[in-house]
Amino acid sequence: MIGNAWSEIGSVERGSQGTKVAVEGEHAEVTGRKFYTTGSYFADYSDTLVEAADGSQHIAVVPLVQAAVTRSDDWDGFGQKLTGTGTVVYDRARLDAQDVIPFEDRFGYQTAVYQLVLIAVHAGIAAAVREDATAPVHA
């Protein structure tokens, strides 16, 4: 299972990432902190937006089950349960260099697909609310 890790808070400038990747030969390391990492608390990997030393952005598919990764279920889910959202901290988390993908090479509509899934969840919630609200009237 793969969770996301794109969002950052704090003193990060728009268009840049505080989470960095360093590639050395066949291995890479990710260091940084991500917030609002939906699904990553329960995931095996995170789809992590990172920045290289030259300023280029990449997607790093980071294995989360390692000592260099700390996951915290610290997001206030506003009553939602089990979203698996929170903070992920990478402290030189290791991954294979082949799992660092230039941002421009990723699926071009990836963010739109994430939004479509979220909208589908909201539509499902709204349908359930309507059903729950009208059930007593029909009874």
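- A cation-pi arrangement, defined by a distance under 6.0 Å to the six-membered ring centre and an angle within 45 degrees of its axis, is absent between Arg33 and Phe35.
- Between the side chain of Ser46 and the backbone N or O of Gly3 there is no donor-acceptor pair closer than 3.5 Å.
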Derivation and outcome, side chain to side chain contact (heavy atoms under 4.5 Å, CB included), residues Asp47 and Trp6
CA-CA 8 Å; Asp47 173 14; Trp6 283 38; 3.7 Å; yes
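- The nearest pair of heavy atoms linking Asp91 to Thr31 is C-OG1, 4.3 Å.
- The environment of Glu131 atom CD is sparse: at most 12 non-hydrogen atoms of other residues, nucleotides or ligands sit within 6.0 angstrom.
- In this structure, the side chains of Ile59 and Val50 stay at 4.5 Å or more apart for every pair of heavy atoms.
- Here CD of Gln57 is found 9.5 Å from CD of Glu104. Values are rounded to the nearest 0.5 Å.
- Formation of a donor-acceptor pair under 3.5 Å by the Ser40 side chain with backbone atoms of Asn4 is found in this model.
- Judged by distance alone, with hydrogens and angles left aside, the side-chain atoms of Arg71 form a donor-acceptor pair with the main-chain N or O of Tyr41 at under 3.5 Å.
- A donor-acceptor contact shorter than 3.5 Å is absent between the side chain of Thr37 and the backbone of Lys34.
- Note: His58 NE2 to Gln17 CD = 11.5 Å, rounded to the nearest 0.5 Å.
- Of all heavy-atom pairs spanning Arg94 and Pro63, the tightest one is O-CD, 3.6 Å.
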Decide side-chain hydrogen bond (donor to acceptor under 3.5 Å, both in side chains) for Thr19 and Tyr90; before the verdict, give the C-alpha distance in whole Å, the side-chain angles of both, and the deciding distance to 0.1 Å.
CA-CA 8 Å; Thr19 302; Tyr90 307 92; over 6 Å; no
